[in-house]
Structure formats: structure tokens, C-alpha cells
J.: 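Quick one: the structure is below, and I'll ask about it shortly.
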Amino acid sequence: MKVEDIQPGHCYARARRLLGEIELVRAEMGRNKDGRGASEVAGAAPRACYFQALALHDKLARLADEVGSHGGHGATPAPRVTDIVPGHVLHLIDAAHHHLSDVKHSLDITQEAADAPFEASRTPSDVLAVLNEASRELTQVLERPPTPSDVFRVVSLAAAYARRLSSKQVELAKFEPKRLPADCYARLGAVLELLAKRNQPGLTLRGAHTDLQPSDCFDLAYLVLGELSAAHAAANGQPVPPYELHDAGHRLPSHVHQLVRTLEAQLA
């Protein structure tokens, strides 16, 4: 099937099957379900699904390393963010599934998740909701879930794009100690709301989750990065040079909170 012929319904069916495969791995490893309610998603474009699939792919690569599976399935080359269509999302979901197949082989899991039917009425928002659920369930399987340092790395890339959208210089926000992942998640949500006013369609994500962890912030940070890179591309900006990025080192939730508040000031 050609990239241009793929619809959100195809992505939804493939994402549902990926979630089923993750459930098989979770059960085999004796881990508990996430147990929290699903997020309510509206206004998602294919780019949001693509960036959530990137977060999922990142976690699956980590899981493959943990179980000693080294299939080497990298993500397909990224398209320009303004050109992302459901076909690109499907290819990235398939790349994640290849990682998961290697993991299952290492764990001697032979059972296969059932294929989900194609539903023409499904939208990118439906796809994003399933990918978000799959990413949260995958976190339950990881020995080393994403840390505040991992979140900081994604937010630092988002901040680099934000600096190019505004001519004014914004000072680093004041450091506030003893911040929690829930504080970081709230501020990332505020940034996403600011971006929803700039991008069309505007992505909104709702969910009264409790016990928020760095992995939740990791997923949301990827969505913020996707929306920021879309706004940057729409302004005909050049990609951020690799030399601007640096190793995050060891970071606390307070460092993430500080950087996200700085990012929020840049956009406001």
C-alpha cells in the first residue's frame, strides 16, 4: 500500500495490535497493568501520532536492550514535520513492532496478538489515544523507565526550536526545589495549550491521571516537541543544528520544571 493511500483507520488497527503484543510481554514478565484511565484526545494531527510513536519506539529500543535483544531495527528516516501523513505513522508503528518481535523472541513468547479490524471512521485523535495507552503499558515492563534526565533531553530540543520562534531573549526561570513529576506534567500541559492556539488543528490532551511519573512527562514532552517543530517548520525555520544540543547529565524534576517554565515564557 502506498504511503498516500494509508488512512488513520489502518494506523489505529496496527496500534491496537501493538498494544496487544505489549500486553503479552507484560503478562509474561509478571508486571501489573498501568490501571489508569485513558487520555481524552482532540484535535490531533498525524504529526502528534508520529511523535508519540517516536516516544514508544524509544522505550521499545530500551526494552530490547534490557532483555538482550539486538535486532537493530531503527526508525525510518523522518519526513519533514509539515509533510507527515498517516502512512509515515504506520511505518513507524511497524518499526516499533519489529523491536517488540525481537523482544518476544528473546522471551520465548510464541503467542500472537489478534489483528484489529480496519475502521474507516477512526481519526488521528483515536490513533494517538491508543499509542499513549501503549506507551504507558510499556513503561510497566521496563526495568529502567524514562528518568527526569530523559525528559530534560526532549524538552531541551523543544526549547531550541522555541528560541527560533521568538526574537526576544528569555532568561532561565528561577530554580524551584522539590518539584514533582506532576508539577512538570502540568507545565508541559500548559505549553501544549499555548501551542494549540498557534497550530491548526490544535492538539488537546485531557486525563485525570494520578501518580504521575517521569515516563508520563516523557510522553507529553514528545508531543510538545512535535507541535513546536511544526510551528517552527511553518515559519520556514531551519532544523536545529546538532551542536546546540548537549548531554543532559543527571537531572531532577526541578530541572525539568525550570526548563519547561522557561519554554512557556518563550512562547507566551
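Computed from a prediction, not measured in an experiment: that's the story for all the values here. One-based numbering along the sequence shown.
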J.: When you check the gap from the basic side-chain N to the acidic O, do Arg136 and Glu133 get nearer than 4.0 Å?
T.: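 Looking at Arg136 and Glu133, the cut-off is not met.
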J.: Do Arg14 and Asp94 sit within salt-bridge range, that is, some charged N less than 4.0 Å from a carboxylate O?
T.: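 Asp94 and Arg14: salt-bridged.
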J.: Does Val85 sit in a hydrophobic cluster with other residues, and if so which ones, taking ILVMFWY side chains as linked at heavy-atom separations under 4.5 Å, directly or through other members?
T.: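 Via sub-4.5 Å side-chain contacts, Val85 links to Val3.
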J.: Of all the heavy-atom pairs spanning Gly226 and Val81, show the shortest one and how long it is.
T.: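 For Gly226 and Val81, the tightest heavy-atom pair comes out as O-CG2, 4.1 Å.
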J.: Identify whether Val154 and Leu252 are in the same connected component of the hydrophobic contact network (ILVMFWY, side-chain heavy atoms under 4.5 Å).
T.: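 Unlinked, Val154 and Leu252 end up in two clusters.
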J.: Give a yes or no on whether a salt bridge exists between Arg31 and Glu137, defined as a side-chain N under 4.0 angstrom from a carboxylate O.
T.: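 The answer is no: the pair does not qualify as a salt bridge.
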J.: When you measure from the side chain of Glu40 to the backbone of Arg206, do you find a donor-acceptor pair of N or O atoms at a distance under 3.5 Å?
T.: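 Not at all, since once roles are kept as given, no pair shorter than 3.5 Å links the two residues.
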J.: Look at Arg62 together with Asp150 and state whether they make a salt bridge at an N to O cut-off of under 4.0 Å.
T.: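 A salt bridge links Arg62 with Asp150.
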J.: Determine, for Asp183 against Lys178, whether the closest basic-nitrogen to carboxylate-oxygen distance falls under 4.0 angstrom.
T.: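 Result for this pair is no, no salt bridge flagged.
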J.: Taking all non-hydrogen atoms of both residues into account, name the closest pair between Ala233 and Arg80 and its distance.
T.: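 Shortest heavy-atom contact: O-NH2, 3.2 Å.
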J.: Mark yes when over 12 heavy atoms from residues, nucleotides or ligands other than Glu4 sit less than 6.0 Å from its CD; otherwise mark no.
T.: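 It does: Glu4 CD has more than 12 such atoms within range.
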J.: For a quick test of your reading: what N or O donor-acceptor pairs under 3.5 Å do the side chains of residues 114-123 make, sequence neighbours left out?
T.:
{"unit_1": "Asp115", "atom_1": "OD1", "unit_2": "Arg17", "atom_2": "NE", "d": "2.7"}
{"unit_1": "Glu119", "atom_1": "OE1", "unit_2": "Arg122", "atom_2": "NE", "d": "3.1"}
{"unit_1": "Glu119", "atom_1": "OE1", "unit_2": "Arg122", "atom_2": "NH2", "d": "3.2"}
{"unit_1": "Arg122", "atom_1": "NH2", "unit_2": "Tyr12", "atom_2": "OH", "d": "3.3"}
{"unit_1": "Thr123", "atom_1": "OG1", "unit_2": "Ser125", "atom_2": "N", "d": "3.4"}
{"unit_1": "Thr123", "atom_1": "OG1", "unit_2": "Asp126", "atom_2": "N", "d": "3.4"}
{"unit_1": "Thr123", "atom_1": "OG1", "unit_2": "Asp126", "atom_2": "OD2", "d": "3.3"}

J.: How about His257 and Phe175: are their ring centres within less than 6.0 Å of each other?
T.: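 Aromatic pair excluded; centres sit 6.0 Å or further apart.
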J.: Side chains of Lys59 and Thr139: any donor to acceptor distance under 3.5 Å?
T.: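 Short answer, yes.
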